[in-house]
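Each remark here refers to the structure printed beneath this line.
Just follow the structure's listing: the first ligand is 1, and inside any ligand the first atom is 1. Values below: every heavy atom of this structure, side chains too, minus hydrogens, waters and symmetry copies.
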Amino acid sequence: MGSSVRIGHGYDVHPLVEGRPLILGGVRIDSPRGLAGHSDADVLTHAIASALLGSLALGDLGTHFPDTDLRWRGASSLELLAAVYAMVKERGYVLGNCDATIVAQQPRLAGFVAAMRANLASVLEVDSDAISVKATTHEGLGAVGRGEGIVAQAVVTIVFVA
Ligand SMILES: [Zn+2]
């Protein structure tokens, strides 16, 4: 039988390139470069969706949303997150809380965190205080520190309610 509380972890990375919008947590951020990827490449939202899948051992995002699936080309990752959360709810669980970290050397993200939390809380049907989003740099170290990409990690708990 399943546990009443489960935990999931998600990790994602996308390269930063010219000519793409930068979207994190569904918020468009003014930046000369954006993340490359199949959907809107919203690395934060992908990490959270991956954590939700992981909490129920449902595999990874690429399995459920292959980049050959035209439905998700250029799609908002908030829609993808909603689709993943529907799978969680189908199994009788709801989100307990989420703690996520964005690792980006640039741009500075602190001013956008509240809007990201609001977007994510709306999709996941919780109050914003159940969604933590932290942003840090990589202290100039390695590829992320050189601004070649952005990483996001997330941990979620889900609670069995039905
Ligand atoms: Zn991704």
Ignoring hydrogens and angles, write down the donor-acceptor pairs under 3.5 Å from the side chains of residues 24-31, residues two or more places apart or on other chains.
residue, atom, partner, partner atom, Å
S31, OG, R33, N, 3.2
S31, OG, R33, O, 2.6

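- Within the 3.5 Å criterion, the main-chain N or O of D69 finds a donor-acceptor partner in the side chain of H38.
- A single hydrophobic cluster is seen to contain both L44 and L16, as judged by linkage of ILVMFWY side chains at heavy-atom distances under 4.5 Å, directly or through other members.
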Taking only distance into account, with no hydrogens and no angle test, what donor-acceptor pairs under 3.5 Å do side-chain atoms of residues 141-159 form with protein atoms, sequence neighbours excluded?
residue, atom, partner, partner atom, Å
R146, NE, E148, OE2, 2.8
Q153, OE1, H9, NE2, 3.1
T157, OG1, N97, N, 3.1
T157, OG1, N97, OD1, 2.8

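- Applying the ring pair (Phe, Tyr, Trp, His ring centres under 6.0 Å) rule to pairs touching residues 98-119 yields nothing, sequence neighbours excluded.
- Side-chain N or O atoms of S50 include none that pairs as donor or acceptor with a backbone N or O of A47 at under 3.5 Å.
- Of all protein atoms, those of element N, O or S that lie under 2.8 Å from the Zn ion (ligand 1) number 3.
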